[in-house]
Amino acid sequence: MTVTRGEFRNLLKGLAFLSPWLVGFAAFMFLPIVLSLYYSLCDYNLLQGPAFIGTRNYRGLLNDGVFWRSLRVTLLYAAISVPMGLLVSLGVALLLNVRLRAQPIFRTLIFLPSLVPTIASAILWKWMFNQRLGVINRVLAPVLGWLHQPGPPWLDQSKWVVPSLALMSVWSVGNTVIIYLAGLQDVPRELYEAAELDGASPVQRLLNVTLPMISPVIFFNLIMAIIGILQVFDTPFMMTAGGPNRASYFYTYYLYDNAFTYLKMGYASAMAWIQLLLVLALTGIAFWSSKRWVHYQGK
Amino acid sequence: MTGRRANILSRLATYAALIVICALAMFPLLWMICTSLKPDWQIVQFPPRWIPEQLAWRNYKLAVSSESTHFPLWTRNTLIIAILAVIGTTFSSAVVAYGFARIRFPGRSALFTLMLSTMMIPFPVTMVPLFSIFVWLGKHTPIQWLGTTRPLWFPAWFGSAFSIFLLRQFFTTIPDELSEAARIDGCSEWGIFWRIILPLSRPALSVVALFTFMWAWRDFLGPLIFLQRPTQYTLSLGLQTFQSQHGSTPWNQLMAASVLVILPVLVLFFIAQKTFIEGIATTGMKG
């Protein structure tokens with residue numbers, strides 16, 4: 001196969017336009033990924049160059065209780081916040097998809113919290129979750145008093161802290177809501193009319209028309225959630241410093257500490273690679289399962 | 001007739017549900033504003049009041065000018081990083097997206113897939129080597145990197161995968177005839193990009209600019225790793241150090257500071273609401 005001159009010119013032009021990304025990819029993505037893999041096989045504390053130690057970091061992690069604990073904390077958080085977030089945002093999007101005159105206002109108000117920078121929402125929720133003075137327990141006070149229960153120790157007790165953070169994460173699902181809403185608005189009206197003519201009830205229409213039609217959007221949001229959830233760092237760092245009793249010491253938090261507090265760069269890199277493999281495995285499972293439940297139109 | 005009544009009832013129920021949800025969504029924000037305006041003694045008052053007896057604007061003044069915060073400086077730093085990141089990302093992503101969208105060459109789709117797959121790489125994988133790369137650069141080049149804002153905006157000038165993807169999707173919708181006509185008139189490829197495609201892509205470009213700004217404004221882990229002196233801090237990092245140092249926190253001042261951090265974002269949102277909503281909506285539309 002010979003390359004014509006026109007094709008060659010196009011190749012050069014294409015690469016010229018791609019050059020910023022090609023350089024950036026090489027310098028800030030490819031090189032770091034290779035280095036990270038190498039560091040993960042090294043003893044490396046920044047002050048001295050990396051010294052190759054084989055798989056000792058990985059073997060060390062297998063015997064590191066804090067590592068397993070941080071992984072458990074993160075997966076517990078994921079198990080609560082991912083399904084809750086997907087369900088709540090889908091439900092809200094369904095409500096926003098009903099034809100009502102005030103919808104633009106509702107949509108804006110529901111979207112607003114997702115604009116709030118993490119530092120602001122962290123400070124705000126820390127204040128609201130305060131067991132004695134926080135507004136949540138004060139609003140709940142009459143109910144709790146009637147039940148003779150003290151206010152929940154939201155962030156102050158090991159059992160409560162992860163569910164509390166997951167609950168807080170639902171506050172900022174506005175982004176996901178908007179993505180669902182766009183998906184819902186793309187469902188052809190004829191499908192609903194046809195279903196209605198066939199005598200389908202609203203629930204049947206939801207299960208047999210809406211959900212299959214927006215399953216690609218659900219899948220997209222699921223993948224985004226999987227990629228993001230293992231990287232949760234900001235909120236526990238700002239709100240609980242990993243406590244109490246390391247109950248909110250998330251995976252990325254422990255990784256950060258290893259790298260920049262204890263200067264165990266090699267150990268941290270090994271954690272990063274395990275994290276990458278986890279993300280790949282989870283998205284792989286999602287893709288594999290998607291054949292059964294995601295319906296692409298006309299494909 | 002019963003059908004119509006059921007219809008009205010279901011509308012009413014939808015309204016009620018949406019009003020409750022909106023109230024829950026707005027409550028924390030309103031509580032933030034309300035706390036930010038309370039004098040110290042009223043914060044712990046029971047039962048809590050919505051409207052403070054006297055509005056304590058003083059909290060805002062204290063939050064901005066207190067000695068342990070460098071609020072104006074932090075705002076300036078954050079703005080500099082955000083603006084440089086916005087210009088860099090938008091411009092370079094547009095150039096790259098043009099290559100992916102409008103020029104046919106062998107290997108294009110493979111490179112595009114490679115670019116998309118980088119979005120799955122967690123930041124922790126690259127953050128440790130990036131740190132050591134910037135340390136190395138500081139030793140071997142005349143430019144300081146670590147402890148400056150450079151690591152936070154410089155990589156943005158090489159495009160971001162997400163922005164390139166978004167812009168490519170938009171560029172492919174522009175009819176080819178426009179480029180062809182310009183080519184016949186002797187316009188260079190860069191000329192087509194600069195004078196025809198870019199002006200037509202203002203909505204997509206503003207989406208990318210807005211998203212990048214929002215991202216830079218709220219970024220925390222990056223500044224935490226790369227910045228060292230409090231005078232270089234961004235708002236996120238500065239406020240975090242401030243709130244973690246004050247055990248018995250001055251909640252009203254912290255709320256005032258938080259309101260101030262949200263304010264620019266809210267203003268931007270209300271200026272460009274349509275761009276925002278449509279931009280987010282398109283992120284879910286792959287292919």
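Numbered from 1 within each chain, the chains take letters A, B, ... in sequence-line order. Reckoned from all heavy atoms, side chains included, excluding hydrogens, waters and symmetry mates.
Ranked by non-hydrogen atom pairs under 4.5 Å with chain A, the options B:A161, B:C22, B:A257 are led by B:C22. Of the residues considered (B:L266, B:V261, B:T35), B:T35 shows the highest number of contacts with chain A, using heavy-atom pairs under 4.5 Å. Among B:T126, B:L235, B:V265, B:V125, the residue with the largest count of heavy-atom pairs under 4.5 Å with chain A is B:V125. Here A:S36 is the residue among A:A16, A:S36, A:G174 with the most heavy-atom pairs under 4.5 Å with chain B. Chosen from B:V259, B:L224, B:D219, B:L29, the residue pairing most often with chain A at heavy-atom distances under 4.5 Å is B:L224. In terms of heavy-atom pairs under 4.5 angstrom with chain A, the leader among B:M115, B:R108, B:R104 is B:M115. Contact count against chain A (heavy-atom pairs under 4.5 Å) is highest for B:P28 among B:S93, B:S236, B:P28, B:S160. When each of A:W273, A:Y39, A:Y180 is scored by its heavy-atom pairs under 4.5 Å with chain B, the top score falls to A:Y39. Taking chain B as the reference chain and counting heavy-atom pairs below 4.5 Å, the highest number among A:W125, A:Y44, A:W127 is found for A:W127. In terms of non-hydrogen atom pairs under 4.5 Å with chain B, the most contact-rich of A:A272, A:P20, A:G24 is A:P20.
Both the backbone and the side chain of A:T118 come within contact range of chain B, with heavy atoms under 4.5 Å apart. Using a 4.5 Å cut-off between heavy atoms, A:A27 touches chain B through its backbone atoms (N, CA, C, O) alone. Heavy atoms closer than 4.5 Å to chain A are found nowhere in B:F91, neither backbone nor side chain. Only the side chain of B:I133 comes within less than 4.5 Å of a heavy atom of chain A; its backbone N, CA, C and O stay farther away. Both the backbone and the side chain of B:M32 come within less than 4.5 Å of a heavy atom of chain A. Heavy atoms of B:F100 lying under 4.5 Å from chain A belong to its backbone as well as its side chain. For A:L46, the part lying near chain B is the side chain, with the backbone staying farther off; criterion is any non-hydrogen pair under 4.5 Å. Of the two parts of B:L24, only the backbone, made up of N, CA, C and O, holds a non-hydrogen atom closer than 4.5 Å to a non-hydrogen atom of chain A. For a residue to count as touching a neighbouring chain, one of its non-hydrogen atoms must lie under 4.5 Å from one of that chain's; by this rule A:Q185 does not touch chain B. Using a 4.5 Å cut-off between heavy atoms, A:S121 makes no contact with chain B at all. Both the backbone and the side chain of A:L115 come within contact range of chain B, judged by heavy atoms closer than 4.5 Å. A:R132 does not touch chain B: none of its heavy atoms, backbone or side chain, sits under 4.5 Å away. For A:L18, the parts lying near chain B are the backbone and the side chain together; criterion is any non-hydrogen pair under 4.5 Å. Of the two parts of A:F111, only the side chain, counted from C-beta on, holds a non-hydrogen atom closer than 4.5 Å to a non-hydrogen atom of chain B.
Annotation for A:L112 and B:M26: closest pair CD1-CE, 4.0 Å, computed over non-hydrogen atoms. Scanning both residues, A:P117 and B:W217, for their nearest heavy atoms gives CG-CD1, 3.8 Å. Contact record, B:P106 with A:L11: O-CD1, 3.7 Å, taken as the closest heavy-atom pair. Among all heavy-atom pairs drawn from A:M265 and B:V128, the shortest one is SD-CG1, 3.5 Å. Closest approach of B:Q243 and A:K126 over heavy atoms only: OE1-NZ, 3.0 Å. Heavy atoms only, all atoms of each residue included: B:L111 and A:L15 are closest at CD1-CD2, 4.4 Å.
Checked by atom type and distance alone, the side chain of A:Q231 pairs as donor or acceptor with a backbone atom of B:F123 at under 3.5 Å. Looking only at distances, a side-chain donor or acceptor of B:R218 sits under 3.5 Å from a matching main-chain atom of A:V116. Counting only distance, with no hydrogens or angles, the side chain of B:R11 and the backbone of A:R99 share a donor-acceptor pair below 3.5 Å. Under the 3.5 Å distance criterion, the side-chain polar atoms of A:W171 are matched with a main-chain donor or acceptor of B:A25.
Counting heavy atoms from C-beta outward, B:Y15 and A:F106 have side chains that approach closer than 4.5 Å. Side chains of B:I164 and A:W21 form a contact here, defined as non-hydrogen atoms less than 4.5 Å apart. Counting heavy atoms from C-beta outward, B:F27 and A:V135 have side chains that approach closer than 4.5 Å. Looking at B:Q273 and A:T108, their side chains come closer than 4.5 Å, going by heavy atoms from C-beta outward. The shortest distance between side-chain heavy atoms of B:S258 and A:L124 does not fall below 4.5 Å. Between B:W31 and A:M128, some side-chain heavy-atom pair lies under the 4.5 Å cut-off. The shortest side-chain heavy-atom distance between A:Q103 and B:L18 falls under the 4.5 Å cut-off.
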Tell me, with the steps shown, if B:F220 and A:F237 meet ring-ring contact (aromatic ring centres under 6.0 Å, His included). CA-CA 10 Å; B:F220 178 70; A:F237 185 91; 5.5 Å; yes

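B:Q240 contributes atom CD, which lies 5.0 Å from atom CD1 of A:I119 (distance to the nearest 0.5 angstrom). To the nearest 0.5 Å, atom CG of residue A:N175 and atom CE of residue B:M214 are 8.5 Å apart.
Relative orientation of the B:F154 and A:F28 rings is perpendicular, given thresholds of 30° and 60° on the angle between their planes.
Aromatic pair B:F158/A:F25: centroids not less than 6.0 angstrom apart.
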